[in-house]
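Worksheet: the structure to be examined is printed underneath.
Indexing begins at 1, ligand by ligand and atom by atom, following the structure's order. Numbers here simply count residues along the sequence, with the first being 1. All values below were derived from every heavy atom in this structure, side-chain atoms included, with hydrogens, water molecules and symmetry-related copies excluded.
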Amino acid sequence: MEKIGRILTGHRPTGPRHIGHLAGTLENWVQLQDSYECFFLIADLHVLTTDYEHPGRIPGNILEVLADWLAVGIDPGRSRIVLQSAIPQHAELAIALGMLVTVARLSRVPTYKEQVQALHLKPSLGLLNYPVLQSADILLYRADAVPVGEDQLPHLELSREIARRFNQLYGETFPEPQGLLSPTPRLPGTDNRSMHTSYGNTIALRDSAEETTRKIMGMYTDPTRLHASDPGHVEGNPVFDYHNVFNPNKEEVAEFKERYIKGKIGDVELKRRLAQVLNEHLAPIRQRREALIARPNQLIDIIQAGTQSARPVAEATMEIVKSKLGLNLAAMSYEGQPQP
Ligand code: TRP
């Protein structure tokens, strides 16, 4: 099929993926492979912006993330899976693009401000530079579109600003990358806060069926409801958010909601059914994942091959960028240079 453009997106390898990644992000990426040429980046350099004290975790987490991606349907036969740190042009382009952004602009990026508060650390230059490195990831492959969650939109806005600035100063070079928001709204965690591994409120793709059921049965629901016969609230109730996404029987979900509002169904019944549909949805993913993670060498080969095939694209862009910036040894001539 004719591709309508190029996509670059990625994850930091921070650990196994969870159902929030699955519903919000990964299932969308899998679909996009049909219509776009896709580059999926494992952004290992970005992990160090916050986790530089634990480098030992990175290699294992790269394999976890990759196994999850493949299990869900990211297809290395059609898409390129790229390891950021293995292509030096990511860092090289980030250095160049950094000249076009002010420190004041970067200090206002919301994720940066939040991280600085959360970390209780003096922010590093690397953390401030995070969205510049991300812009380099995107522009290096001259991507047309970037599927991301809402939290990443400020980073994408910066990438667009940098692309415009570069084009204005040095001539048309980069497409202005468009954000593609996922059609599925973000799933809350099992405790109804935002889903985050560090909150312990996720269901990981590698969790067993028993583990998944246990987590579902312990989920937060409507706290105002003390008895199954009390009228309940559907809005802001994560049990229903999950049913909306994972229960393929939409009539059943509509009926559950009606009964819940009237106090005619208990939370236990709702959760039992949720655990069942979620486990049915996850079973084939788990099975593929288990087979994949058991063969780490095969996973490493897939990263190698994807990275190798992305390399010429990265090199070509960086050559153009360097010559536009006056950084081009090959184009220098003795004749053209002033004599010492
Ligand atoms: N910042 C992204 C995240 O945390 C990961 C990322 C790194 C990324 N480089 C990227 C996403 C380029 C999209 C495009 O999820």
What residue and atom, counting heavy atoms only, is the protein's closest point to atom 14 (C) of ligand 1, and at what distance? L8 CD2, 3.6 Å
Are Y170 and F166 close enough that their ring centres sit under 6.0 Å apart? yes
Closest protein heavy atom (residue, atom, distance) for atom 3 (C) of ligand 1: Q152 NE2, 3.5 Å
Where at least one partner belongs to residues 55-97, residue pairs that pass ring pair (Phe, Tyr, Trp, His ring centres under 6.0 Å), sequence neighbours excluded: H11-W69, W29-W69, H90-Y141
Give me the one residue out of V268, D267, L270 that meets side-chain contact (heavy atoms from CB on, under 4.5 Å) with T221. D267
If you measure from CD on Q33 to CG on N28, what distance do you get to the nearest 0.5 Å? 11.0 Å
Pairs flagged by salt bridge (charged side-chain N to carboxylate O under 4.0 Å, His left out) wherever residues 198-211 is involved - sequence neighbours left out: E64-R206, D207-K215, E211-R214
With a cut-off of 4.0 Å, which atoms of ligand 1 are near a heavy atom of H46? 7 (C), 9 (N)
Which atoms of ligand 1 are found less than 4.0 Å from any heavy atom of R12? 4 (O)
Just go through Q84, H155, Q134 and tell me whose heavy atom is the nearest to atom 11 (C) of ligand 1. Q134
May I ask you to decide whether R273 forms a salt bridge with E269, counting only side-chain N to carboxylate O separations under 4.0 Å? no
Please list the nearest protein heavy atom to atom 1 (N) of ligand 1 with its residue and the distance rounded to 0.1 Å. Y130 OH, 2.7 Å
One finds that the ligand 1 atoms under 4.0 Å from a non-hydrogen atom of I138 are 12 (C), 14 (C)
